[in-house]
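First comes the structure, then the notes that go with it.
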Amino acid sequence: MTKRKLADSLSSKWMLVCLSFFLLMPLAIGAGLVIKSSGLLSEHTLSSLILSSDWSPSDDQYGFWPFIVSSLWVTIIALIISMPLCLLAAIYLTQFSPSWVLKIMRPVIDILAGIPSVVYGVWGVLIIVPFVGDKVAPFFENESLGYSILAGALVLSVMSVPYILNMLLEVFRQVPVELGEASLSLGATKWETIKHVFIRKGATGILSAYGLGFSKALGETIAVMMVVGNVVQVPESVFDAGYPLPALVANNYGEMMSIPSYESALMFGSLLLFVIILAINIFFRYIIYKSEVI
Amino acid sequence: MTLKRKFEEKFFRVLSALITLVIVYVLANIIWTIIEKGFSSLSWEIISQEPKGGFYMGKGGGILNAIAGSFYLAISATVLAFLVSLPVALFINIYLIKYRRMLVGIRFFLDVLWGIPSIVYGAFAFMLMIALGQKNSLGAGTITVAAMISPIMIRAMDEVLKTIPIGLQEASYALGSTRTETAYKIFFRQALPGFATAVLLAFGRGIGDAASVLFTAGYTDHVPRSFSDPTATLPLAIFFQLGSPIESVQNRAFAAAIVLTIIVLVISISARLLYRGKK
């Protein structure tokens, strides 16, 4: 009997330890990154780090503006492409299509979600980069090698489809059927019902799906890095090469040990990513949570 | 007016169907591209040998180091993640079941944790590794990947455990079981089929991720023999070799890509079959 009680108390404690570990992990990550980047923060002001575009580690100049701008361009363009696609696909799958189509699409979405980032990168190098370089750029009378913001955004838009689409499907599933039926019985067409009832009713859910998609896309590293060109500059058009934040961190890990302030700078880059993504996640998850409670 | 409304209806019906088709087409295009490129470079030599001298100049050898390394890494990370995720998932659903607010808070928190990109895990783990005086190794990579996939695993297990009726728990207590016995003997067994899906999901995520192992697992031409050896992984093998200007080295990247894609496809299809089998 006492043996059972002992086992119970030991195992309870172990469970608590495991849980506390996960609760403390983000705090530890945040604290560690802050400590590591404090060296950089003590020498430069936060605003000069973020707003300066002078990046020359050998002269101790660390301006993150080119990387921030590149990250934002790539992510925002990717979202602009995938937002309407996901919304219409979700509408089709939940409202218009016969149910077997959704049954086929579920594994398709699963597989898209499961394909590793680096494989998207390979696909991007083989298909998207030549497409941008040979077709899109000349069409807009631009010259581009193909390794560009636009290529990164296109790859990223495909990668974000399964993530956003899954959430949108859930949003539309949760809209009460009666609401739609009421609208239909008043003589609205199916599309009008979707437009005025479903989208309005699901607005917060849709917005949150986009927000979370944005944060997911912002942190995407390898695939984007393989197609975006990685040139330190503030991109002036979508056909220019860019250098997003995650790519900066991933590309330089080898050299970063040689110069301490460089290492500090890369950790500051990670910290920026971490804080932005955490904030977006908390904000939109909270909105979802609120809308589920009500 | 009616004509316009009818037209609008038709237009969006067709448009949304087309877009769904486009998504299917893109997936087909990705898989076809990888298969077409990879298949011609794939050979028994490539998947059964370690790199030989001059490998990265286009000479002989294969990517066995990366294939084995990836499996070692993903399997040990999944096992480790399982060992810490299972207690958490059980704890949430058995001990905290009465505390609704806390439960919601923890689920919320785990979802947020899921959103942290793998590059941040990688950078943090690298920093920790340096601070502790460790080198790139299979062990370090395993811990990093395990930390990254655990939130996914916990939430997936949690979704399964959530569906177990509270009556089962009460019945177990009524018969005199402790909470631990209820957790591991009743709940665990009940949720086992669903757990398999959770584990596969996490495994798939672990084997495909590059950003978290880039800093931590290192890279080597040999199959690792212990946790303190560095290890090659498939995603990094693809990434590094694709960057080479030599065509035959690039082709090996494509061969590695097809291997990785097949592994991930098999995992994601079997996860789905298991999930359906459960229903």
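Residue numbering restarts at 1 for every chain, and letters A, B, ... go by the order of the sequence lines.
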Side chains of [X] and [Y], heavy atoms from C-beta outward: is any pair under 4.5 Å?
| X | Y | result |
| --- | --- | --- |
| B:Tyr121 | A:Met25 | yes |
| B:Pro235 | A:Ile222 | no |
| B:Phe12 | A:Leu88 | yes |
| B:Thr180 | A:Arg4 | no |

Check whether [X] gets within reach of chain A through its side chain, its backbone, both or neither, counting any heavy atom under 4.5 Å.
| X | result |
| --- | --- |
| B:Phe239 | both |
| B:Leu86 | neither |
| B:Ile30 | both |
| B:Val84 | both |
| B:Thr20 | both |
| B:Ala183 | side chain |
| B:Lys37 | side chain |
| B:Leu113 | side chain |
| B:Ile258 | neither |
| B:Arg107 | neither |
| B:Leu234 | neither |
| B:Asp111 | both |

*How far apart are the C-alpha atoms of B:Glu9 and A:Phe96, what are their side-chain angles, what is the distance that settles it, and do they pass the side chain to side chain contact (heavy atoms under 4.5 Å, CB included) test?*
CA-CA 11 Å; B:Glu9 168 89 7; A:Phe96 289 140; 4.1 Å; yes
Please round to the nearest 0.5 Å and tell me the distance separating atom [atom1] of [X] and atom [atom2] of [Y].
| X | Y | atom1 | atom2 | result |
| --- | --- | --- | --- | --- |
| B:Leu214 | A:Thr221 | CG | OG1 | 9.0 Å |
| A:Asp110 | B:Leu265 | CG | CG | 11.5 Å |
| A:Ile109 | B:Ser268 | CD1 | OG | 12.0 Å |
| B:Leu110 | A:Leu23 | CG | CG | 7.5 Å |

As an exercise: rank [options] by heavy-atom pairs under 4.5 Å with chain B and give me the winner.
| options | answer |
| --- | --- |
| A:Glu220, A:Lys216, A:Met105 | A:Met105 |
| A:Ala7, A:Pro107, A:Ser215 | A:Pro107 |
| A:Cys86, A:Ala113, A:Ala28, A:Gly121 | A:Ala28 |
| A:Leu271, A:Leu165, A:Leu85, A:Leu126 | A:Leu126 |
| A:Ile91, A:Leu16, A:Leu273, A:Leu218 | A:Leu16 |

Using a 4.5 angstrom heavy-atom cutoff, name the option from [options] with the most pairs to chain A.
| options | result |
| --- | --- |
| B:Ile267, B:Leu260, B:Val24 | B:Leu260 |
| B:Ile116, B:Leu236, B:Leu201 | B:Ile116 |
| B:Tyr95, B:Tyr184, B:Trp114 | B:Tyr95 |
| B:Ile269, B:Leu128, B:Val120, B:Ile238 | B:Val120 |
| B:Leu27, B:Ile207, B:Ile34 | B:Leu27 |

_Intermediate values then yes/no, side chain to side chain donor-acceptor pair (under 3.5 Å), B:Asn29 and A:Trp123_ = CA-CA 9 Å; B:Asn29 186 283; A:Trp123 176 71; 2.8 Å; yes
*Fit a plane to each ring of B:Phe108 and A:Tyr286, take the angle between them on a 0 to 90° scale, and name the class: parallel (under 30°), tilted (30 to 60°) or perpendicular (over 60°).*
perpendicular
Please report the shortest heavy-atom distance between [X] and [Y], naming the atom on each side.
| X | Y | result |
| --- | --- | --- |
| A:Ser12 | B:Phe91 | O-CE1, 4.4 Å |
| B:Ile23 | A:Ala89 | CD1-CB, 3.7 Å |
| A:Pro246 | B:Ile119 | O-CD1, 3.9 Å |

*Walk me through it: do B:Leu242 and A:Met226 pass the test side chain to side chain contact (heavy atoms under 4.5 Å, CB included)?*
CA-CA 9 Å; B:Leu242 196 66; A:Met226 288 165 82; 3.4 Å; yes
